[in-house]
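Input: a single structure, listed below in structure tokens.
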Amino acid sequence: MNSSLISKPTLFSFRECLWFLDRNYDECLHKISNSRVTKAIQFNNKPLVFSLADKDQDILIQIEEGHATPSMMEELRSWVQDWLDIQRDIRPFYQMLANHGKLNYMTKEFNGLRLIGIENLHESICWCIIGQQINLSFAYKLKRRLVEEFGTRVRTATGNFYLFPSPETLSSVSVETLKALQFSRQKADYIIQISKSFSDGLISKEKLSTLPDLKEKKYLLTSLKGVGEWTANYVLMKSLREPDCIPLGDIGLLNALSNHALIKNRKDSRSMEKLFSAFEGWKSYLVFYLWRSLAIPNFHH
DNA sequence: AACCAGGCGCATG
DNA sequence: CATGCGCATGGT
């Protein structure tokens, strides 16, 4: 089995999703070319390279490297649906956007954009730690070094693809090694310790998602050194798809709110709460769309 | 040339 | 509880 189709729901745009995956950053875990995204993932300890392309009313999944049994293909289909958040009916969110005087333009401008996730929880947390307090281009550079140094490489006819390094691998790396890749001592420490927590089974996506309430999830996440409020919320929104998690204090979020004249200054939490209270159940989506708005050149209210 | 980036932990008042 | 500090480097 080397291909499969997923039918598109309403309010889904492959082009918008592809735009997000492409942006203008040096992403090392997938490649975009000819309106297709290609990526390596791991199933049953075996790497598999697949691509996604737009095909009329469907999304075409193709296996680029490796072999997929029918059950693996079924798993891959489900993985892709999670990654691009394909199954969610986002019409309620669009209704909320449409009702908002300043944000209703988004229903047209970003039509069909889905909250693209980070399915691997360990990767998601490491990515947050890498990105803390540094500019995104440097963050992507650090991630690339980490992935190319410690991740599994899959060779294909069209180039190399990488899997994010496993917790086992990263937990046995030394601080000095990461420092040589220009990680700060703290970031190196956090990543190694958190990788240990994963390989020791102290935390896993399974464990985190089965916790009964959000407070416990946040508590478990922030008990890890290097994971604060921002990271916990980012991870819950991107990896567990919690509907109402806002990475508070996020500089991009604050800039977007300020561009739309929705807050007076960075400490204007009252205006923020007022805005988000109108998006109950869809706060994470609103954050994602606000981030999307940052890419509009010279956007000012 | 300063200043600030997808923050966080730790030390103080 | 609030505020200050260091962190690593690159972009503006």
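So that the names make sense, note that chain A is the first sequence line, chain B the second, and so on, each numbered from 1. Just so it is clear, the model here is predicted, and its values are computed rather than measured.
- Of the possible donor and acceptor atoms, none in the side chain of A:Y285 sits under 3.5 Å from a partner among the backbone N and O of A:P243.
- Only the C1' atoms considered, C:dA2 is 23 Å distant from B:dA5, to the nearest whole Å.
- Residue pairs meeting the salt bridge (charged side-chain N to carboxylate O under 4.0 Å, His left out) criterion with at least one partner in residues 50-63 of chain A, sequence neighbours excluded, are A:K8-A:D54.
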Do nucleotides 7-13 of chain B as a string where each nucleotide becomes B, S or -: B if the base has a protein heavy atom under 4.0 Å, S if just the sugar-phosphate does, - if no protein is that close. BSSS---
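- In this structure, CD1 of A:I129 is placed 17 Å from C1' of B:dA5, rounded to the nearest angstrom.
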Strand DNA chain C in bracket notation, Watson-Crick/G-U under 3.5 Å with | for pairs to another chain: |||||||.||||
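- In the region residues 15-26 of chain A, proximity to DNA chain C at under 4.0 angstrom, judged on heavy atoms, holds for none of the residues.
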Write out a two-atom table: protein N or O, nucleotide N or O from nucleotides 10-12 of chain C, distance below 3.5 Å.
{"residue": "C:dG10", "atom": "N3", "partner": "A:N135", "partner atom": "ND2", "Å": "3.1"}

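- In this structure a side-chain-to-backbone donor-acceptor pair under 3.5 Å is present from A:W83 to A:G117.
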Between A:H67 and A:F43, is the ring-ring contact (aromatic ring centres under 6.0 Å, His included) condition met? List the steps. CA-CA 11 Å; A:H67 177 71; A:F43 280 130; over 10 Å; no
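- Taking atom P in both B:dG6 and C:dT12, one finds a spacing of 11 Å when rounded to whole Å.
- For the residue pair A:N255 / A:S258, no side-chain donor-acceptor distance below 3.5 Å is found, with atom types taken as modelled.
- Here the two rings, on A:Y94 and A:W282, have centers that are 6.0 Å apart or farther.
- The NZ-P distance, from A:K179 to C:dT9, rounds to 8 Å in whole Å.
- A donor-acceptor pair under 3.5 Å is formed between the side chain of A:N233 and the backbone N or O of A:I246.
- Not one N or O on the side chain of A:Q62 forms a donor-acceptor pair closer than 3.5 Å with the backbone of A:E64.
- Counting non-hydrogen atoms of neighbouring residues, nucleotides and ligands closer than 6.0 angstrom, the OH atom of A:Y219 reaches no more than 12 such neighbours.
- For A:F20, the ring-ring contact (aromatic ring centres under 6.0 Å, His included) test picks out A:F288, with sequence neighbours left out.
- Around atom CG of A:N34, no more than 12 heavy atoms belonging to other residues, nucleotides or ligands sit under 6.0 Å away.
- Each of A:I251 and A:M272 belongs to its own hydrophobic cluster when Ile, Leu, Val, Met, Phe, Trp and Tyr are linked at side-chain heavy-atom distances under 4.5 angstrom.
- Other residues, nucleotides and ligands contribute more than 12 heavy atoms inside 6.0 Å of the CZ atom of A:R23.
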